[in-house]
Amino acid sequence: MDPRASWDEYFMNIARMVASRATCDRKHVGAVVVRDRTLLSTGYNGSIRGLAHCNEVGHMMEDNHCVRTVHAEANAIIQAAKNGVGVDGATIYTTASPCWPCFKLIANSGLRRIVFGEFYRDDRIFEHARLLDIELVELAVPPRPDLSATDTGPARPVTASREG
């Protein structure tokens, strides 16, 4: 058996490290965009560039959500665009499944595969991913990772519902 991490584990471990830069203590999320086994961009949840972060000035709460932050997936897509890097046909690895607004950004940016660590909040992504032929893969993320090749378990494709 190959002791090396699978490609999915490898890039998810990078997303987990990216999440360590997040500045909203309500949830640390990291995302990386990959095509042809090459990392194209990264993103973590944090405030608008140049403005104060939650960990500096507190949360900006609306409907029990902090709206001060830009989500990790959005930041990864924005970073790619800012640097002139196309993401069409690529995979996004994210430590938590995308919320509905981030799923729409992912779909419209041309990303074709989403590998996520933990389910976060919005079941709509499952049906819409199926309708759009976007592959969803759940890859378990341990609570205290040591980033070894065996701590995530096998990647598991997701069907139209989480129970699938």
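Below, each value reflects all heavy atoms present in this structure, side chains not excepted, and no hydrogens, waters or symmetry copies. Residues take their numbers from the sequence shown, with the count starting at 1. Predicted model only: the values in this text are computed from it and were never measured.
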Nearest atoms (heavy-atom pairs only) where [X] meets [Y]:
X	Y	answer
Gly30	Ala19	N-CB, 3.3 Å
Thr95	His28	OG1-O, 4.0 Å
Pro98	Ile125	O-CG2, 3.6 Å

Test of understanding: with side chain to side chain donor-acceptor pair (under 3.5 Å), list the residues that count as partners of Arg26, not counting sequence neighbours.
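If we apply the side chain to side chain donor-acceptor pair (under 3.5 Å) test to Arg26, skipping adjacent residues, there are no hits.
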Should [X] and [Y] count as side-chain neighbours, where that means a heavy-atom distance under 4.5 Å?
X	Y	answer
Val32	Ser41	no
Thr91	Val115	yes
Val70	Ile48	yes
Met12	Met17	no
His59	Val67	no
Leu111	Ile134	no

When Phe116 is tested against each of Val29, Thr94, Ile92 for side-chain contact (heavy atoms from CB on, under 4.5 Å), which residue passes?
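Only one option passes, and that is Thr94.
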Quick test of your reading: applying salt bridge (Lys or Arg N to Asp or Glu O under 4.0 Å), list the pairs with at least one residue in residues 57-77, sequence neighbours left out, ordered by first then second residue.
none
Could you list all the ring pair (Phe, Tyr, Trp, His ring centres under 6.0 Å) pairs where at least one residue sits in residues 77-103, not counting sequence neighbours?
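Matches after skipping sequence neighbours: Phe11-Tyr93, Trp100-Phe103, Trp100-His128.
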Lys/Arg-Asp/Glu bridge criterion (N-O < 4.0 Å) met for Glu135, Arg130:
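Here Glu135 does not pair with Arg130 in a salt bridge, since their nearest N and O are not under 4.0 Å apart.
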Quick one: do Arg113 and Asp8 make a salt bridge, cutoff under 4.0 Å?
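The answer is yes: the pair qualifies as a salt bridge.
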Where the side chain of Asn45 meets the backbone of Lys27, is there a donor-acceptor pair that is under 3.5 Å apart?
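At least one qualifying donor-acceptor pair exists.
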I'd like to know if the side chain of Asp36 reaches the main chain of Thr38, judged simply by a donor and an acceptor atom lying under 3.5 Å from each other, with no hydrogens or angles considered.
no
Is atom CZ of Arg21 surrounded by more than 12 heavy atoms (other residues, nucleotides or ligands) closer than 6.0 Å?
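Result for CZ/Arg21: open.
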